[in-house]
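Please read the structure below before turning to the comments.
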Amino acid sequence: MRKTFITLATVAAVGFGTIFAGVPAKTNAESISKLKGDQNKIQEQRSDVKSGINAANDKISDLQNQQADVKSEMKRLDYAITDATNKINNETAKIEKTKVEITKLQEETKVLKDRIKKRNILLKDRARNYQENGGMVNYLDVLMGSESFSDFIDRANAVATIMQADRDILKQHEADKKELETKQAQVEKDLASLQTMVANLEKMNKQLAAQKAEKDKLLAGLVEQEQEEHEHVMDLKEQEELLAAQEAAIKKAIQLEQEKQAQAAAAANKNNSSSTSSSSNSGGGASSGSVPGISSGYWTQPAVGRPSSGFGMRSDGMHYGVDIANKTKVPIVAAADGVVIRSYLSSSYGNCIFVSHSINGQVYTTVYAHMSSRIVGNGAVVKKGQQIGVMGNTGSSEGQHLHFELHKGPWTQDKHNAIDPRGIVPLP
């Protein structure tokens with residue numbers, strides 16, 4: 001049976017006085033008063049249900065606003081993730097470029113080291129030459145050995161050039177060493193900085209991705225809650241529809257009771273004849289097969305067939321009714337006078353009808369399930385033995401049969417009012 005209908009525990013059938021059955025236990029005035037009281041109760045229930053619908057719709061609006069906020073935050077996170085990813089790509093490209101520079105610097109370093117090595121050899125040779133030849137003395141010998149002043153000038157220029165060259169070599173030597181050290185330190189610093197930046201960006205990206213995953217989860221939860229609230233609203237709306245049908249049925253019951261009071265004297269004499277005539281005109285040619293004979297008293301057999309399952313525990317759980325099976329599509333009739341509360345197609349009960357009865361002051365509810373078709377609608381007044389449908393195999397059913405339930409009082413979600421119909425309703 002559909003979940004939406006199962007939730008309608010509080011709105012099952014209410015009593016309709018004693019408008020349909022034998023000797024009344026109360027006066028007609030008391031019956032009408034009780035019906036009006038029931039009608040007022042249903043109106044109060046409808047008001048409560050409508051309030052519940054409004055509250056559920058408010059909650060849906062709130063959930064939708066929360067979803068909008070989450071989606072906005074997710075959009076911001078998407079932008080942040082995209083920005084971080086772009087920065088990572090840019091910095092990674094810089095790292096690759098720096099690595100190329102490092103490779104190039106390593107080649108330059110190799111050249112510098114070779115030059116430094118050669119200069120070291122040259123300087124060592126010069127130093128050794130100074131030690132072996134007296135250092136500056138040789139330069140003086142060169143100057144003093146000049147043959148003329150012009151030669152002296154030439155030799156002095158030559159000595160100055162050599163000494164300047166030595167100083168330049170030492171200066172360049174130191175500059176090259178310093179340049180090498182500076183370049184190596186800067187490149188290593190740049191590389192470390194870039195690697196740190198990329199590591200931080202990747203860490204931030206993971207954090208953003210984790211935040212987005214949490215938002216995805218939160219959004220999914222909000223969507224699920226919204227769906228549940230929509231289902232809740234559907235439940236409440238169906239509940240309100242059933243209450244409205246109940247209220248309409250009671251209004252009809254009040255009208256019938258008032259008519260009965262006007263014809264009180266004739267009603268007792270016509271009671272038996274009206275039941276017989278209504279059953280003979282109810283079939284309407286809607287089915288084939290035999291119509292069950294109408295029993296005396298308040299109840300009659302709802303269908304012709306063989307009992308295929310009784311009331312009580314089965315291997316698959318509690319069976320709250322009795323099953324009557326037949327190979328042919330026989331008529332299904334109302335087990336007693338009453339008012340149709342609900343006539344609809346259920347996912348589990350298939351074509352089903354719920355009828356409320358008032359038997360000598362006691363409210364009963366009967367359920368007729370798995371029919372192939374229904375020929376009475378919501379709010380219809382039915383008489384005992386009147387055809388209401390045709391046996392079938394719709395809904396969660398295995399084989400053609402009628403699933404018949406009897407509830408002492410209203411139909412409830414937990415079916416605690418369900419009773420074994422045997423001994424009360426005539427059954428095959």
Side-chain angles (χ1 to χ4, degrees), residues 1-2 5 8 12-13 16 20 238 241-242 245-246 248-249 252 275-295 298-309 311 319-357 364-407 411 418 421 425-428:
M1 188 171 191
R2 282 177 50 203
F5 189 77
L8 308 182
F16 298 107
F20 299 119
E238 187 165 355
E241 289 173 0
L242 184 55
Q246 291 273 36
K252 184 176 292 186
S275 297
T276 304
S277 62
S278 63
S279 63
S280 63
N281 295 327
S282 60
S287 67
S288 61
S290 59
V291 177
I294 299 175
S295 303
Y298 298 117
W299 299 97
T300 193
Q301 182 174 321
V304 173
R306 62 177 180 82
S308 58
S309 183
F311 181 93
H319 188 235
Y320 290 98
V322 297
D323 293 344
I324 302 172
N326 201 315
K327 292 183 179 180
T328 59
K329 291 189 175 182
V330 297
I332 305 299
V333 302
D337 296 345
V339 176
V340 176
I341 299 170
R342 190 87 193 274
S343 173
Y344 80 115
L345 177 63
S346 162
S347 59
S348 58
Y349 273 6
N351 280 305
C352 63
I353 294 175
F354 287 67
V355 180
S356 178
H357 314 273
Y364 291 91
T365 307
T366 53
V367 180
Y368 311 79
H370 307 310
M371 295 183 289
S372 62
S373 61
R374 295 167 282 119
I375 59 175
V376 293
N378 297 343
V381 176
V382 294
K383 294 291 185 180
K384 179 180 70 173
Q386 177 182 337
Q387 184 177 352
I388 59 175
V390 179
M391 187 180 290
N393 187 27
T394 58
S396 299
S397 169
E398 296 181 3
Q400 181 172 280
H401 71 285
L402 168 68
H403 173 78
F404 176 77
E405 293 179 13
L406 177 64
H407 299 257
W411 186 94
V425 179
L427 294 172

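All values derive from a computational prediction rather than experimental measurement.
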query = What is the distance from atom CG of Asn326 to atom CD of Gln400, rounded to the nearest 0.5 Å?
reply = 7.0 Å
From Ile353 atom CD1 to Ser343 atom OG, the distance as rounded to the nearest 0.5 Å = 4.0 Å
request  = Keeping the roles fixed (side chain from Thr300, backbone from Gly385), state whether a donor-acceptor pair exists under 3.5 Å.
outcome  = no
key: Inter-residue atom distance Ser396.OG - Tyr349.OH, 0.5 Å rounding   = 10.5 Å
task = Begin from the C-alpha positions of Val367 and Tyr320 and carry the test side-chain contact (heavy atoms from CB on, under 4.5 Å) through to its verdict.
result = CA-CA 10 Å; Val367 180; Tyr320 290 98; over 6 Å; no
ask   = To the nearest 0.5 Å, what is the distance between CG (Leu406) and NE2 (His357)?
value = 7.5 Å
query = For Thr366 and Tyr368, does a side-chain donor sit closer than 3.5 Å to a side-chain acceptor?
reply = yes
ask   = Can you name the closest pair of heavy atoms from Ile375 and Gly389 and give their distance?
value = CG1-N, 3.7 Å
request  = Please name all residues satisfying side-chain hydrogen bond (donor to acceptor under 3.5 Å, both in side chains) with His403, sequence neighbours left out, ordered by chain then number.
outcome  = His319, Asp323, Glu405
request  = Of all the heavy-atom pairs spanning Val330 and Ser290, show the shortest one and how long it is.
outcome  = CB-O, 4.1 Å
request  = Kindly give the heavy-atom pair with the smallest separation between Cys352 and Ala369, and that separation in Å.
outcome  = CB-CA, 4.0 Å
request  = Taking side-chain hydrogen bond (donor to acceptor under 3.5 Å, both in side chains) as the test, write out the residues that go with Ser372, two or more places apart.
outcome  = none
request  = I would like to know whether Met371 and Val390 meet side-chain contact (heavy atoms from CB on, under 4.5 Å); could you show each step before the answer?
outcome  = CA-CA 6 Å; Met371 295 183 289; Val390 179; 5.9 Å; no
request  = Please collect all ring-ring contact (aromatic ring centres under 6.0 Å, His included) contacts where either partner lies in residues 372-401, sequence neighbours excluded, each pair once.
outcome  = His370-His401
Spacing of Trp299 atom CH2 and Tyr364 atom OH [to the nearest 0.5 Å] = 6.5 Å
task = Considering non-hydrogen atoms only, spot the tightest contact between Val291 and Val333 and give its length.
result = CG1-CG1, 4.1 Å
message = Could you measure the distance from the CG atom of Asn351 to the CZ atom of Arg374? Nearest 0.5 Å is fine.
response = 4.5 Å
key: Minimum heavy-atom distance between Pro331 and Pro292, given as atom pair plus value   = O-CD, 4.5 Å
query = Shortest non-hydrogen contact from Val304 to Met391?
reply = O-CE, 4.0 Å
inquiry  = Quick one, Leu427 and Pro307 - any side-chain contact, counting heavy atoms below 4.5 Å?
reply    = no
